[in-house]
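Protein chains get the first letters and strands the later ones, always in sequence-line order, with residue 1 at the start of each. Note: hydrogens, waters and symmetry copies are ignored here, and every other heavy atom, side chains too, is used. The model shown is predicted, which means the values in this text are computed figures rather than measured ones.
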Amino acid sequence: MINKEVRVRFAPSPTGYLHIGGLRTALYNYLFAKNNKGKFILRIEDTDRNRYVDGALDNLISTLNWAGLTADEGPETGGIFGPYLQSERLDIYKSHIKNLLVNKKAYYCFCTQERLRDLREKQKQEGLQTKYDKHCLSLSQNEIDINLRNNLTYVIRLNIESGKDISFTDLIRGEVVFNTDTIDDQVLIKSDGFPTYHFANVVDDHLMQITHVIRGEEWISSTPKHVLLYDYFNWEKPNFAHLPLLLNPDKSKLSKRQGDVAVEDYRDKGYLKDALLNFIALLGWNAGDDKEFYKMDQLINSFSLERVNKSGAVFNTEKLDWLNAEHLRKLTNEEILNMLKQELINTELVIKNLSDAHLLLIIEAMKERVSFVKEFITSCPYFYSEPTEYDECVIKKKWKEDSPKLLKLFSDGINKIENPSKEDFESTLKNICVEKNIGLGKLIHPLRLALSGVGIGPGIFDLTYILGKEETIKRIDKALEIIIN
RNA sequence: GGCGCGUUCGUCUAGUGGCUUAGGACGCCGCCCUCUCAAGGCGGAGAUCACGGGUUCGAAUCCCGUACGCGCUACCA
């Protein structure tokens, strides 16, 4: 058992989309695996046929791949412990349940849904814990055989001995104890022949040689059932680590009702995968220092389960926006260029075709002023098409009586220069101001307004230079015409 | 109801008995820089460490109780 390779799994059920909480569970599993030079396995828990959603599996895998959390083994990659879809492992569960059946660790139950419902209701009314009453445990082998021969529907239940303490050591919470009196005789095999999560996950984790089960806190209550199963099979138990939940603003478990929870929603909103991963990594974990900005490899190097928190964390995206801007600024202009071009293709605005060199100038000028790639378009549309209106507030504040004359002077000055450089724009403007004995702002502000229609943006000489001589002159003329009237 | 888990600024968190008048980050506010907006720098407001008892010379930190929150309580995962 020494130096056993670390093997962890992310085991989602394909119900439509990857939940942000699921992404964090996957991330922690991935980080733990990579930190320990182990394997990250993707296993699909598709044992509930009622919840089958077409296309969910592909969506799940592609979203995981987008995030860069690619599995070392899984339905897509394959591996020697496959198949990795539980719906394809039915024979395996069938053979294992026999083992439990002959040892009386599991038993057939022929109770109808109605009986079960009535039983539950009665227990509830009496204020008792709702629990199966082991009614079918007393069936003789002969009765069972007859029922089976008559094709009565049945489930197979875990036979839990009463009055015993079951404990396990959770890597995050320490020792957790449950008494078997509070645990129900869980259904292991459903009437459709499919296993329940509780049975399949134990069998698979064992067969796939999973060393650490890292999953959400909502599983902590059912862990004793799993522990019991390992004991009944006489299998070595994996380590358990139950992660704190991601919460809604009202502290309930993060859900669709209170905002976007699908990873693809955040991808579509323009969040960088590195920023999203960085953000959710910090929701429940920190290295013990003040570091907040992490790239993937740094996350892998610093991660440890010991430093995962016990309490839930509200999924509040304020900090996510900031992290997105931080990650965006760390990207090279060329990397941003590719994303911007994609964004330009997707945009519905009619815009002129700009060269890569031109786009690179825009990126450089705007990099410090945006948080999202799409803002290279939305926060500075004037780079792509001339303004059609001019901010009234700015006109009121900055447009003075002498503004038209100054702009005209500037326009004429630029017009005389062949291929003006950024410095040419600057010296032209400064010379005018010196000559007229006025502050630079007297010209800069009206000029910005004329060129962009707004009062905010990158440095004025960046703006003029990126727009270029012809466009600058043209826009000054147009502004003069419109604003004066 | 039962069982389990949790509880430090609005939010994410540091803190593992004295270094703490509880530190950082986001957000918010102010100042500086400055052609505007950002970025950056500086500063501010913001937490009686859920509450009550212990233990100890000393507790956010250890123990007990209470409250509150959350999770589970299915032939769903």
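- A donor-acceptor contact under 3.5 Å links the side chain of A/Glu318 to the base of B/G10.
- Between the side chain of A/Tyr266 and the backbone N or O of A/Asp260, at least one donor-acceptor pair lies under 3.5 Å.
- The side chain of A/Glu218 has B/C72 as its nearest neighbour among B/A39, B/C35, B/C72.
- Of the side-chain N and O atoms in A/Lys253, one or more sit less than 4.0 angstrom from OP1 or OP2 of B/C72.
- As judged by a 4.0 angstrom heavy-atom cut-off over every strand, A/Val187 is placed among residues touching the sugar-phosphate backbone only.
- For the pair A/Trp322 CH2 and B/C26 P, the computed distance is 5 Å after rounding to whole Å.
- When the C1' atom is used for both B/A14 and B/C19, the distance is 14 Å, rounded to whole Å.
- Residue-level contact check: A/Glu292 touches the bases, meaning some heavy atom is under 4.0 Å from a base atom.
- Judged by Watson-Crick or G-U wobble contacts below 3.5 Å, the nucleotide B/U48 has no partner.
- In a base pair of the Watson-Crick type (N1 to N3 plus N6-O4 or O6-N4) or a G-U wobble (N1-O2 and O6-N3), with each distance short of 3.5 Å, B/C19 is matched with no nucleotide.
- Using bins of under 30°, 30° to 60° and over 60° for the plane-to-plane angle, the ring pair A/Tyr132/A/Tyr107 lands in the parallel bin.
- Between A/Asn201 and A/Glu45, the side chains place no donor N or O within less than 3.5 Å of an acceptor N or O (distance only, hydrogens not considered).
- A distance below 6.0 Å separates the ring centres of A/Phe372 and A/Tyr271.
- Side-chain to base pairing of A/Lys251 with B/C70: no donor and acceptor N or O lie closer than 3.5 Å to each other.
- Using N1 to N3 plus N6-O4 or O6-N4 for Watson-Crick, or N1-O2 and O6-N3 for G-U wobble, each under 3.5 Å, B/G71 pairs with B/C3.
- A sub-4.0 Å separation between OP1 or OP2 of B/A14 and a side-chain N or O of A/Asn286 is present.
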Enumerate all atom pairs, one protein N or O and one N or O from nucleotides 1-5 of chain B, separated by less than 3.5 Å.
from: B/G1; atom 1: O2'; to: A/Gly127; atom 2: O; distance (Å): 3.4
from: B/C5; atom 1: O2'; to: A/Arg173; atom 2: NH1; distance (Å): 2.7
from: B/C5; atom 1: O2'; to: A/Glu217; atom 2: OE2; distance (Å): 3.1

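- Under the 3.5 Å distance criterion, with hydrogens and angles disregarded, a donor-acceptor pair is assigned to the side chains of A/Thr223 and A/Arg215.
- Between atom CG of residue A/Asp289 and atom CZ of residue A/Arg307 there is a gap of 8.0 Å, rounded to the nearest 0.5 Å.
- In this structure, CD1 of A/Ile444 is placed 8 Å from P of B/U36, rounded to the nearest angstrom.
- Both A/Gly284 and A/Glu326 lie close to RNA chain B; mapped to their nearest nucleotides by heavy-atom distance, the more 5′-ward contact belongs to A/Gly284.
- Across all strands, A/Gln186 comes closer than 4.0 Å to no nucleic acid atom at all (heavy-atom distances).
- Residue A/Lys190 places at least one side-chain N or O closer than 4.0 Å to OP1 or OP2 of B/C76.
- Look at NE2 on A/His242: it is 12 Å from P on B/C72, rounded to the nearest Å.
- Nearest nucleotide to the side chain of A/Asp48, out of B/C76, B/C75, B/C26: B/C76.
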_Before you tell me yes or no, could you show the steps for A/Val263 and A/His19 under side-chain contact (heavy atoms from CB on, under 4.5 Å), namely the whole-Å CA-CA distance, both residues' side-chain angles and the distance that decides it to 0.1 Å?_
CA-CA 6 Å; A/Val263 175; A/His19 191 278; over 6 Å; no
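- As judged by a 4.0 angstrom heavy-atom cut-off over every strand, A/Ile460 is placed among the base-contacting residues.
- In this structure a side-chain-to-backbone donor-acceptor pair under 3.5 Å is present from A/Arg173 to A/His242.
- A side chain to side chain contact (heavy atoms under 4.5 Å, CB included) with A/Pro12 is found for one member of A/Leu23, A/Asp46, A/Leu60, A/Leu57 and no other, namely A/Leu60.
- In this structure, A/Ser222 reaches neither bases nor backbone, as no heavy-atom distance under 4.0 Å exists between it and the strands shown.
- If you take atom C1' in B/G46 and the same atom in B/G10, they sit 9 Å apart, rounded to whole Å.
- In this structure, A/Leu119 atom CG and B/C75 atom P are separated by 11 Å, rounded to whole Å.
- For B/A77, neither phosphate oxygen OP1 nor OP2 lies less than 4.0 angstrom from any side-chain nitrogen or oxygen of A/Arg51.
- The A/Leu245 side chain lies nearest to B/C70 when the options are B/A38, B/A77, B/C70.
- The same atom, P, is picked in B/G44 and in B/G2; the two are 49 Å apart, to the nearest Å.
- Applying the 4.0 Å criterion to OP1 and OP2 of B/G69, one finds that A/Ser252 has every side-chain N and O outside that range.
- Not a single donor-acceptor pair under 3.5 Å links the side chain of A/Asn248 to the backbone N or O of A/Asp250.
- At a threshold of 4.0 angstrom between heavy atoms, the contacts of A/Asn309 are confined to the sugar-phosphate backbone, with no base atom among them.
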Atom pairs under 3.5 Å, N or O on each side, protein against nucleotides 47-52 of chain B: can you list them with distances?
none

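- In this structure, A/Ile20 and A/Phe315 have side chains that are in contact, with non-hydrogen atoms separated by less than 4.5 Å.
- Per the geometry, OH belonging to A/Tyr107 stands 11 Å off P belonging to B/C75, to the nearest Å.
- Between the C1' atom of B/U16 and the CZ atom of A/Arg307 lies a distance of 10 Å, rounded to the nearest Å.
- Side-chain contact between A/Ser222 and A/His198 is present, with at least one heavy-atom pair separated by less than 4.5 Å.
- Remark: the separation of the P atoms in B/G52 and B/C9 is 16 Å, to the nearest Å.
- Looking at heavy-atom distances under 4.0 Å, A/Pro12 makes no contact with the nucleic acid at all.
- A/Thr47 comes within 4.0 angstrom of sugar-phosphate atoms only, judged by non-hydrogen atoms across all strands, and of no base.
- Between the P atom of B/C26 and the CG atom of A/Leu323 lies a distance of 9 Å, rounded to the nearest Å.
- Going from atom CG of A/Asn278 over to atom C1' of B/A25 covers 12 Å, rounded to whole Å.
- Using atom P as the reference point in both B/U7 and B/C62, the two lie 11 Å apart (nearest Å).
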